[in-house]
Amino acid sequence: MHAYDVVRPLLFGLDPEQAHDLTLQALAGLQHTPASAFWSHRRIADPVLVAGLRFPNRVGLAAGLDKNGACIDGLGALGFGFIEVGTVTPLAQGGNPRPRMFRLPQANALINRLGFNSHGLQAFVANVQRARSFRAAGGIVGLNIGKNAVTPIERTVDDYLIGLEGVFPHADYVCVNISSPNTQNLRELQRDAALDALLGRLQSRRAELQARHSRQVPMFVKIAPDLDEGQVQVIAAALQRHAIDGVIASNTTLSRTAVAGLPHADEAGGLSGAPLLHLSNQVIRWLRAALGDGYPIIGVGGVLSGEDACSKIAAGADLVQIYTGLIYKGPALVGAAASALQRLRR
Ligand SMILES: Cc1cc2nc3c(=O)[nH]c(=O)nc-3n(C[C@H](O)[C@H](O)[C@H](O)COP(=O)(O)O)c2cc1C
């Protein structure tokens with residue numbers, strides 16, 4: 001029996017967001033103390049070079065669990081090869097009213113409409129700078145940027161430029177999140193002209209930042225699963241045209257087909273976990289077909305086992321991320337996924 005078999009019923013007895021906040025506060029408070037030995041897991045060594053970065057293994061934490069970057073070392077101790085924190089918004093904001101996170105245990109799924117609750121860029125950067133052990137051990141830290149809810153749509157690009165400028169000196173990679181379903185109009189940025197304008201301006205700002213800081217920082221774009229093949233092809237062409245370094249697929253889905261009739265299935269927001277696996281794998285396959293071999297793809301959505309992680313690689317991903325699976329399966333999933341991917345190479 002794993003420790004998580006004992007912990008999970010306790011956490012599931014709480015409101016989902018309360019369980020999340022408690023766990024994260026505990027990890028943040030204890031991460032730099034000897035108590036961290038209690039949850040530290042050996043990291044599977046399976047190094048891989050993607051977008052010029054050396055990832056110690058192919059399993060990462062997806063964005064949104066540690067929105068403020070307050071817990072990189074505590075979460076890193078679970079055996080991840082990389083940790084993506086954020087989404088951070090330029091200014092602090094509270095997000096949507098609670099309740100805004102729901103468990104669908106029969107489907108191993110969650111629905112959330114958090115809406116980018118964030119302590120803001122300044123606090124985020126200060127937290128990221130405090131991370132020590134994970135990076136010292138070769139862990140890769142990705143910083144995920146978004147826009148404030150109050151920023152009008154015509155000023156959206158400015159928020160991303162502020163985010164890029166703020167996180168650039170502290171990031172191993174930057175992820176541009178244009179696919180949260182919980183910020184009005186955000187997903188519109190995935191469309192032709194808007195995407196072109198956004199990527200063009202981000203790319204030229206990045207060139208300036210690279211010169212100013214004398215360092216290269218890969219930039220990835222995170223997309224939704226609610227796209228058809230044609231839309232994926234248009235996005236893929238834009239990514240290549242603007243020399244974006246990689247794509248993360250996917251964010252949560254608006255679809256409820258796989259959970260229809262279950263308690264909470266009708267809550268507004270993005271659905272994550274098991275029902276997302278095939279949907280996001282399909283997007284990965286379309287991306288790989290459109291982008292060709294060698295273009296970095298990070299696969300995320302519905303990984304609850306080593307086998308699920310392998311299905312992302314089979315679909316064309318180079319790396320895999322996890323969020324909801326961690327809630328349902330606990331920290332042992334990280335090692336299970338990383339060792340399943342390691343075995344693929346043999
Ligand atoms: C509660 C919650 C909050 C999330 N917040 C963010 C976020 O701030 N930024 C982001 O890019 N993705 C966010 N995501 C999406 C995840 O990073 C991931 O793409 C998605 O959940 C699919 O993976 P999973 O099925 O392993 O959870 C969030 C997901 C959940 C469940």
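Order of appearance sets the numbers: ligands from 1, and atoms from 1 within every ligand. Side chains included, hydrogens not; waters and symmetry mates left out as well; all remaining heavy atoms used.
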| Lys/Arg cation over aromatic Y4: R8, 6.0 Å, 45° cone | no

The answer for which part of H20 has a heavy atom under 4.0 Å from ligand 1 is neither

Regarding ligand 1, does G273 bring an N or O atom to under 3.5 Å of one of the ligand's N or O atoms?
yes

Check your understanding: Does any N or O atom in A63 lie less than 3.5 angstrom from one in ligand 1, N or O only?
Key -> yes

Any salt bridge between R103 and E17, counting N to O under 4.0 Å?
-> no

One finds that the ligand 1 atoms under 4.0 Å from a non-hydrogen atom of G302 are 24 (P), 25 (O), 26 (O)

Min N/O separation N177 to ligand 1 under 3.5 Å:
yes

Taken in chain and number order and not counting sequence neighbours, the residues that satisfy side-chain hydrogen bond (donor to acceptor under 3.5 Å, both in side chains) with E267 are R113

Q. Any Lys/Arg nitrogen of R58 or D46 sitting under 4.0 Å from an Asp/Glu carboxylate oxygen of the other?
A. yes

**Test: R132 and D73 ion pair at under 4.0 Å** = no

Note: heavy atom closest to atom 15 (C) of ligand 1, options V85, V320, T253, N251, belongs to N251

With a 4.0 Å cut-off on heavy atoms, is S280 touching ligand 1?
no

**Request:** May I ask you to decide whether D293 forms a salt bridge with R288, counting only side-chain N to carboxylate O separations under 4.0 Å?
**Result:** no

Taking only non-hydrogen atoms of V300 and a 4.0 Å limit, the atoms of ligand 1 in range are 18 (C), 19 (O), 22 (C), 23 (O)

So CD of Q282 and CG of L277: to nearest 0.5 Å the spacing works out to 11.5 Å

Atom 31 (C) of ligand 1 sits nearest the protein heavy atom S272 OG, 3.4 Å

Within the 4.0 Å heavy-atom cut-off, what I248 brings close to ligand 1 is neither

Under 4.0 Å, counting heavy atoms only: does G301 come that close to any atom of ligand 1?
yes

Where does the angle between the aromatic ring planes of Y173 and F55 fall among parallel (under 30°), tilted (30 to 60°) and perpendicular (over 60°)? tilted

Exercise. Less than 4.0 Å between a side-chain N and a carboxylate O, is that true for R241 and D192?
Worked result: no

Going by the 4.0 angstrom heavy-atom rule, the piece of N144 near ligand 1 is side chain

Among G86, A62, G64, the residue with a heavy atom nearest to atom 6 (C) of ligand 1 is G64

closest protein heavy atom to atom 26 (O) of ligand 1 is Y323 N, 3.0 Å

Nearest heavy atom to atom 22 (C) of ligand 1, choosing from T324, L276, I178, T252, belongs to L276

Under 3.5 Å: N/O of K222 near N/O of ligand 1 | yes

Quick note on ligand 1: atoms under 4.0 Å from a heavy atom of K67 include exactly 5 (N), 6 (C), 7 (C), 8 (O)

Under-4.0 Å salt bridge between D196 and R201 = no

Residues 213-236 vs salt bridge (charged side-chain N to carboxylate O under 4.0 Å, His left out), sequence neighbours excluded, gives R187-D226

The answer for which part of S250 has a heavy atom under 4.0 Å from ligand 1 is backbone

Subject >> Nitrogen or oxygen of T87 less than 3.5 angstrom from that of ligand 1 >> reply: yes

Is the distance between the ring centroids of F168 and H213 less than 6.0 Å?
yes

